[in-house]
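Please read the structure below before turning to the comments.
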Amino acid sequence: MELQRVHASLLHQHHLFSSFSDEELAILLQDTQLIHLEREELLFRQGDPGGHFYFLIDGTVKLYRISPDGNEKVLEVISQHETFAEAIMFMEKSQYLVSAQAITSAQLFSFSNSTYLRLLNQNSRLSIALLGKLSIRLHQRINEIETLSLKNTTHRVVRYLIESLTNNLTERPEIELNIPKRLIAARLSIQPETFSRIMRKLCDDEIIAVDGRHVTVLDPERLLHYE
């Protein structure tokens, strides 16, 4: 019971569950599985039946497709407290469009699509609230697409670093790059060599210092306005 209260508190902070009452969330959690993945373990493959969506409690998961020539294209890297595969339950064909694989060891919730949809159908308030939340998320995604398509590569890397800060800019800003750099580059739609070159330039300009996967921001003001 105590564990369920912890889970409910965590989920209530996410837009897919924030409008659920405690009773409604308890019903959803009854059909929810807690899954543990080892590093590089597959969760599902492209084309598998899509009866569930997921909330990542901790760790990192990549979503990818395999091109006709056999190359892997990473479409998104999922971080803790993010959901994925939820769009499947609103599609006519319930089938995963990508593959999902753990980058690090991971723990996640597996939610039943049918149970979630049943709760929405039983309470129109939930459906309307969800539409509002998704509209906000859509605008955020449009802004992200604009940044990726219109801003230069340096701006993308700088924004990623700022958004990855483990504390605020008034303290000693630090960043942990907890996923491989090639995956960060894929997330930013740039080549790994370009990402490394920009990071070296930021180091040469004494804006950041890099020690393995640990980054210290030496000059927050210059990083905020760096182009």
Please report the shortest heavy-atom distance between [X] and [Y], naming the atom on each side.
X    : Y   : value
F53  : M89 : CE2-CE, 3.7 Å
I88  : G50 : CG2-O, 3.5 Å
A106 : L56 : CB-CD1, 3.9 Å

Partners meeting side-chain contact (heavy atoms from CB on, under 4.5 Å) with [X] (sequence neighbours left out):
X    : answer
R65  : Q46, L75, L97, V98
Q95  : K93
S105 : none
D211 : none

Next item on the list: Please report the C-alpha distance between V210 and M199 in whole Å, then the side-chain angles of each, then the deciding distance to 0.1 Å, and finally whether the side-chain contact (heavy atoms from CB on, under 4.5 Å) criterion is met.
Entry: CA-CA 8 Å; V210 179; M199 292 293 286; 4.1 Å; yes
Next item on the list: Just do the salt bridge (Lys or Arg N to Asp or Glu O under 4.0 Å) check on R222 and E206 with the steps written out, would you?
Entry: CA-CA 10 Å; R222 289 177 64 198; E206 298 184 346; 5.9 Å; no
Next item on the list: Scan side-chain atoms only and decide if H214 and E176 contain a donor-acceptor pair under the 3.5 Å cut-off.
Entry: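 Distance-only check passes for H214 and E176.
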Item checked: Under the side chain to side chain donor-acceptor pair (under 3.5 Å) test, residues paired with E221 that sit two or more places apart ->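 Per chain and number, E221 pairs via side chain to side chain donor-acceptor pair (under 3.5 Å) with H225.
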Checklist line | Results of side chain to side chain donor-acceptor pair (under 3.5 Å) for D69 - residues two or more places apart only | finding: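 Checked D69 against side chain to side chain donor-acceptor pair (under 3.5 Å); matches are S67, N71.
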Do [X] and [Y] sit in one hydrophobic cluster, given that two such residues count as connected whenever their side-chain heavy atoms are within less than 4.5 Å of each other, even indirectly?
X    : Y    : value
L63  : I66  : no
I103 : L37  : no
I35  : L28  : no
I198 : L183 : yes
Y226 : L224 : yes

Notebook entry, point to check: What orientation do Y96 and F44 show, parallel under 30°, tilted 30 to 60°, or perpendicular over 60°?
Noted result: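 The arrangement is parallel - the two ring planes meet at less than 30°.
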Next item on the list: Measure up the F84 and Y54 rings against each other and bin them: parallel (under 30°), tilted (30 to 60°), perpendicular (over 60°).
Entry: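 F84 and Y54: parallel rings.
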Next item on the list: Report the residues that fulfil salt bridge (charged side-chain N to carboxylate O under 4.0 Å, His left out) with E82, sequence neighbours left out, ordered by chain and then residue number.
Entry: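 E82 satisfies salt bridge (charged side-chain N to carboxylate O under 4.0 Å, His left out) with no other residue.
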Notebook entry, point to check: Taking only residues two or more places apart in sequence or in another chain, which ones pass salt bridge (charged side-chain N to carboxylate O under 4.0 Å, His left out) with D205?
Noted result: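 Listed in chain order: K201.
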Considering only heavy atoms from C-beta outward, does the side chain of [X] approach that of [Y] to under 4.5 Å?
X    : Y    : answer
S18  : H14  : no
V157 : T153 : no
H81  : L10  : yes
Q33  : S112 : no
V77  : V61  : no
T60  : I78  : no
L25  : L11  : yes

What pairs with [X] under ring pair (Phe, Tyr, Trp, His ring centres under 6.0 Å), at least two apart in sequence or on another chain?
X    : result
F195 : none
F20  : Y116
Y64  : none

Margin query: What verdict does the side-chain contact (heavy atoms from CB on, under 4.5 Å) test give for L218 and T216, after you've listed the backbone C-alpha separation in whole Å, the side-chain angles of each residue and the deciding distance to 0.1 Å?
Written below: CA-CA 6 Å; L218 304 175; T216 301; 4.2 Å; yes
Under 3.5 Å donor-acceptor, [X] side chain and [Y] backbone:
X    : Y    : value
Q122 : L120 : no
R159 : T154 : no
T194 : I190 : no

Margin query: Could you go through H155 and N152, starting from their C-alpha distance and side-chain angles, then the distance that decides it, and tell me whether this counts as side-chain contact (heavy atoms from CB on, under 4.5 Å)?
Written below: CA-CA 5 Å; H155 180 83; N152 62 32; 3.3 Å; yes
Return the [atom1] to [atom2] distance between [X] and [Y], rounded to the nearest 0.5 Å.
X    : Y    : atom1 : atom2 : answer
L223 : L202 : CG    : CG    : 6.5 Å
I175 : S164 : CD1   : OG    : 6.0 Å
L43  : S110 : CG    : OG    : 7.5 Å
R182 : Q191 : CZ    : CD    : 13.0 Å
L42  : Q101 : CG    : CD    : 5.0 Å
L34  : L29  : CG    : CG    : 10.5 Å

Note to self: With salt bridge (Lys or Arg N to Asp or Glu O under 4.0 Å) as the rule and sequence neighbours excluded, what pairs involving residues 28-54 come up?
What the structure shows: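 The answer is none; no pair qualifies.
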Next item on the list: Take S21 and E24 through the test side-chain hydrogen bond (donor to acceptor under 3.5 Å, both in side chains) and record every step on the way to the result.
Entry: CA-CA 5 Å; S21 67; E24 290 163 334; 3.2 Å; yes
Checklist line | Verdict with reasoning, I57 to F109, per side-chain contact (heavy atoms from CB on, under 4.5 Å) | finding: CA-CA 7 Å; I57 301 171; F109 290 130; 3.7 Å; yes
Checklist line | The single option from T83, L16, T32 passing side-chain contact (heavy atoms from CB on, under 4.5 Å) against F111 | finding: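 Answer to the side-chain contact (heavy atoms from CB on, under 4.5 Å) test with F111 among T83, L16, T32: T32.
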